[in-house]
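In what follows, a structure is listed as structure tokens, so that the remarks can point back to it.
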Amino acid sequence: MASRTPQDTSRQARIAEMRRAEKTRDRRNKILAITVSTAVVAGLVGFGAWVLIDQKQQEKDAEAARKAPVSGEQDWDAKKLGRKHVETPVKYEMNPPVGGDHHPRWMNCNGDVYKNPVPEVNAVHSLEHGAVWVTYNEKAAKGDLDKLAETVGKTPYSLMSPVKEQTGAIMLSAWGKQLTVDSATDPRVAQFFTKYVQGPQTPEPGAACTNGLADK
């Protein structure tokens with residue numbers, strides 16, 4: 001058997017050192033991968049928990065808003081508001097109306113924003129279905145109208161239109177309920193939507209807000 005030369009011994013030593021370095025690198029990469037994976041999983045779990053907590057808090061806030069009275073709102077006895085379907089003009093005691101006899105056809109209220117006035121008798125039918133009707137006159141600022149239109153546009157069972165003769169700049173109406181505000185940022189606006197869109201005041205919950213009368 002041939003004896004090893006110094007060169008062979010040196011080469012084998014280098015190979016052994018390279019293998020040790022490779023094993024060390026593999027172990028380090030595995031540890032790094034495990035550490036990163038653990039951090040990612042922990043982050044996802046933490047994010048999921050935060051989302052769940054935030055969602056539950058939002059649900060609690062919404063429930064509190066539904067239970068709390070809306071400061072400054074006007075209230076009419078729903079039992080005394082007529083609900084007959086008529087095709088003749090109706091004289092309402094409030095402007096905009098919050099209930100009463102109305103046309104058999106409702107105004108589309110699936111987040112519809114109307115640029116022109118809509119027939120009261122059709123809008124009242126929408127309120128009967130659980131819609132919130134946002135109205136405004138020339139006193140309302142454009143920025144407020146844009147914000148309200150955005151809110152209505154993403155809220156089924158709501159509609160928005162101008163009512164020139166109303167007393168307040170911005171008014172929100174539901175069946176038997178009405179609120180006047182000066183600004184779209186008034187926190188009572190969000191509360192009114194939360195409380196009365198398909199709220200407990202609704203005479204016909206779940207009734208359609210589409211396939212009704214659309215803007216001409």
Side-chain angles (χ1 to χ4, degrees), residues 70 72-74 76 78 81-186 188-199 201-216:
V70 179
E73 76 172 10
Q74 289 183 277
W76 285 264
L81 295 173
R83 290 182 53 199
K84 294 179 182 178
H85 286 181
V86 298
E87 298 193 39
T88 54
V90 179
K91 183 174 179 59
Y92 296 105
E93 63 176 277
M94 72 294 288
N95 186 32
V98 299
D101 296 343
H102 49 268
H103 195 274
R105 195 175 182 189
W106 55 89
M107 204 75 204
N108 280 343
C109 46
N110 192 36
D112 294 270
V113 177
Y114 299 102
K115 300 299 183 183
N116 300 311
V118 301
E120 293 179 334
V121 289
N122 300 97
V124 169
H125 197 158
S126 300
L127 301 186
E128 186 183 41
H129 289 190
V132 164
W133 182 18
V134 178
T135 56
Y136 60 92
N137 60 22
E138 69 279 357
K139 298 176 185 177
K142 183 180 183 306
D144 286 325
L145 298 183
D146 291 342
K147 185 175 179 63
L148 289 167
E150 181 181 358
T151 298
V152 169
K154 62 184 180 183
T155 307
Y157 287 94
S158 71
L159 69 160
M160 177 175 172
S161 69
V163 174
K164 184 178 180 180
E165 298 81 10
Q166 70 180 34
T167 56
I170 299 168
M171 299 178 74
L172 288 79
S173 302
W175 189 268
K177 312 288 182 179
Q178 193 165 80
L179 175 70
T180 300
V181 297
D182 295 323
S183 169
T185 59
D186 190 314
R188 293 176 298 168
V189 172
Q191 184 187 5
F192 198 92
F193 270 82
T194 299
K195 192 175 180 73
Y196 296 128
V197 169
Q198 283 285 282
Q201 85 293 341
T202 305
E204 296 182 3
C209 245
T210 57
N211 298 320
L213 182 65
D215 197 9
K216 296 179 180 180

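- Rounding to the nearest 0.5 angstrom, the gap separating the NZ atom in Lys177 from the CG atom in Leu172 is 14.0 Å.
- Within the structure, disulfide bond (SG atoms under 2.5 Å apart) contacts touching residues 82-149 (residues at least two apart or in different chains) are Cys109-Cys209.
- Residue pairs meeting the salt bridge (charged side-chain N to carboxylate O under 4.0 Å, His left out) criterion with at least one partner in residues 128-141, sequence neighbours excluded, are Arg83-Glu128.
- Side chain of Asn137 to backbone of Gly168: a donor-acceptor contact under 3.5 angstrom is found.
- Here the side chains of Asp112 and Met107 are not in contact, with every heavy-atom distance at 4.5 Å or above.
- Pairing each heavy atom of Val118 with each of Ala123, the nearest pair is CG2-CB, 4.2 Å.
- Under the 3.5 Å distance criterion, the side-chain polar atoms of Asp144 are left unmatched by any main-chain donor or acceptor of Ser183.
- A distance of 9.5 Å separates CD in Glu150 from OG1 in Thr155, rounded to the nearest 0.5 Å.
- In this structure, Asp186 CG and Ile170 CD1 are separated by 9.0 Å, a value rounded to the nearest 0.5 Å.
- For the pair Tyr114 and Asn108, the minimum side-chain heavy-atom distance is below 4.5 Å.
- Taking Tyr136 as the reference, nothing meets the side-chain hydrogen bond (donor to acceptor under 3.5 Å, both in side chains) condition, with sequence neighbours excluded.
- Between Gln201 and Ala174, the shortest heavy-atom distance links the atoms NE2-CB, 3.9 Å.
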Side-chain donor-acceptor pairs of residues 86-96 under 3.5 Å, sequence neighbours excluded:
residue: Tyr92; atom: OH; partner: Asp101; partner atom: O; Å: 2.6

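- Across every non-hydrogen atom of Ala184 and Lys147, the tightest pair is CB-CD, 3.9 Å.
- Glu120 has its side chain out of reach of Val163: every pair of non-hydrogen atoms, C-beta onward, lies at least 4.5 Å apart.
- At a threshold of 4.5 Å between non-hydrogen side-chain atoms, the residues Ser173 and Tyr196 do not count as touching.
- The minimum heavy-atom distance between Pro156 and Val197, with the atom names listed, is O-CG1, 3.6 Å.
- Annotation: side chain of Pro117 is not in contact with side chain of Ser161 (no heavy-atom distance under 4.5 Å).
- In plain terms, the two heavy atoms of Pro119 and Leu213 that are nearest each other are CG-CD2, 4.1 Å.
- Remark: Thr185 OG1 to Leu148 CG distance equals 9.5 Å, nearest 0.5 Å.
- Below 30°, between 30° and 60°, or above 60°: for His125 and Trp106 the angle between ring planes is above 60°, a perpendicular geometry.
- The shortest side-chain heavy-atom distance between Val134 and Phe193 falls under the 4.5 Å cut-off.
- Scanning both residues, Leu159 and Ala131, for their nearest heavy atoms gives CD2-CB, 4.1 Å.
- No close placement of the His103 and His85 rings is indicated, their centers lying 6.0 Å or farther apart.
- Put simply, the side chain of Trp76 does not reach to within 4.5 Å of the side chain of Pro97, judged on heavy atoms.
- Residues passing the side-chain hydrogen bond (donor to acceptor under 3.5 Å, both in side chains) test with Thr135 are Gln166, sequence neighbours excluded.
- Listed for the Ser158 side chain is no donor-acceptor partner under 3.5 Å among the backbone atoms of Val132.
- Residues satisfying the side-chain hydrogen bond (donor to acceptor under 3.5 Å, both in side chains) criterion with Trp175, sequence neighbours excluded, are absent altogether.
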Give the intermediate values and the outcome of side chain to side chain contact (heavy atoms under 4.5 Å, CB included) for residues Met160 and Leu145. CA-CA 10 Å; Met160 177 175 172; Leu145 298 183; 4.0 Å; yes

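- Atom CG of Asp182 is surrounded by 12 or fewer heavy atoms from other residues, nucleotides or ligands within 6.0 Å.
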